[in-house]
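Just below is one structure, and these are the notes that go with it.
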Amino acid sequence: MVSPDRLMAFAAMSLLLIVIPGPSVLFVIGRALAQGRRAALTTVAGNTLGAYVLVVAVALGVGSVVERSVLVFTALKLVGAAYLVYLGVKAVRRRGSLHAALAEAAPVAHGGLRTLGEGFVVGVANPKTIVFFAAVLPQFVDRERGGVVAQMLVLGLVFNLIAIVSDSVWGLVAATTRGWLARSPRRLSLVGGAGGLTMIGLGVAVAATGRRD
């Protein structure tokens, strides 16, 4: 299984990525502002299910290829790092329009199953999560311990546990302070800018991380 030091390092890097307001978080906040706590938490559940589908896909497919090839690993890592930096720069440049984007993300109220399904779609199609799992997840697998797929599934579960807690907090806070947050473009701009800078830093960290073999 995964060694404790790798597990903690992966959890720390996951937390850095998860707390950044990306597509999933923005969608959850939009639901919270539009429909309240229940819709926000249902959306979080859908997002989490979608994200774990990505974990399984990486563990059974891309992960095994990356695990066997240093060249593929390096190429994927650099592409992933570059994309994270790109997303960070984009977030910083567009931080002023976050208020409008948030308003657009708030849908009309509808049933819980549909809310869950739409949250699932957002989670499984989140580019930030796709890049993270494909480029970063294989780096924390200890091949000498065996059970590569099992290790990835465990690491993915850790990521999703952190995500469900973090996203739920975002949703609950947004639902509680929905009027205060929605009225202030400046507050949302600061959140978007800080998140973008953090994402740039994460991209640099991914590029600098290598395999011991």
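Quick note: numbers below take in every heavy atom, side chains included, and nothing from hydrogens, waters or symmetry partners.
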Find out if a path of hydrophobic residues (ILVMFWY) with successive side-chain heavy-atom gaps under 4.5 Å connects V154 to M8. no
For this output row, return yes or no: ring centroids of F10 and F132 closer than 6.0 angstrom. yes
Taking the side chain as every heavy atom from C-beta outward, state whether L60 and M152 have any atom pair closer than 4.5 Å. no
What's the verdict on side chain to side chain contact (heavy atoms under 4.5 Å, CB included) for V165 and L161, showing C-alpha distance, side-chain angles and the deciding distance? CA-CA 6 Å; V165 172; L161 289 174; 5.9 Å; no
Are L54 and V56 connected into the same hydrophobic cluster when the rule is that any two of I, L, V, M, F, W, Y join if their side-chain heavy atoms are below 4.5 Å apart? yes
Same hydrophobic cluster for L7 and V136, using side-chain heavy-atom links shorter than 4.5 Å among ILVMFWY? yes
Before you tell me yes or no, could you show the steps for I162 and V158 under side chain to side chain contact (heavy atoms under 4.5 Å, CB included), namely the whole-Å CA-CA distance, both residues' side-chain angles and the distance that decides it to 0.1 Å? CA-CA 6 Å; I162 296 173; V158 170; 4.1 Å; yes
Check the pair L17 / F159 against side chain to side chain contact (heavy atoms under 4.5 Å, CB included), numbers first and verdict last. CA-CA 10 Å; L17 182 78; F159 179 96; 4.0 Å; yes
Testing the basics here: between G171 and A40, what is the closest heavy-atom pair and its distance to 0.1 Å? CA-CB, 4.1 Å
Output the distance between atom CG (N47) and atom CG (L116), rounded to the nearest 0.5 Å. 9.5 Å
Which heavy atom of A51 sits nearest to which heavy atom of N160, and what is that distance? CB-OD1, 3.3 Å
Approximate separation, where rounding is to 0.5 Å, of F140 CZ and S3 OG: 10.5 Å
Answer with yes or no whether the hydrophobic clustering places I164 together with V121; edges join I, L, V, M, F, W, Y residues whose side-chain heavy atoms lie under 4.5 Å apart. no
Would you confirm whether R6, through its side chain, and V141, through its main-chain N or O, come within 3.5 Å as a donor-acceptor pair? yes
Would you check if V19 and V25 make a side-chain contact, meaning some heavy-atom pair closer than 4.5 Å? no
Candidate pair L153 and Y52, rule side chain to side chain contact (heavy atoms under 4.5 Å, CB included), full reasoning: CA-CA 9 Å; L153 293 176; Y52 203 72; 3.6 Å; yes
So how far is it from T42 OG1 to R114 CZ, rounded to the nearest 0.5 Å? 14.0 Å
Report yes or no: do L41 and I18 belong to one cluster of Ile/Leu/Val/Met/Phe/Trp/Tyr joined by side chain heavy-atom distances under 4.5 Å? no
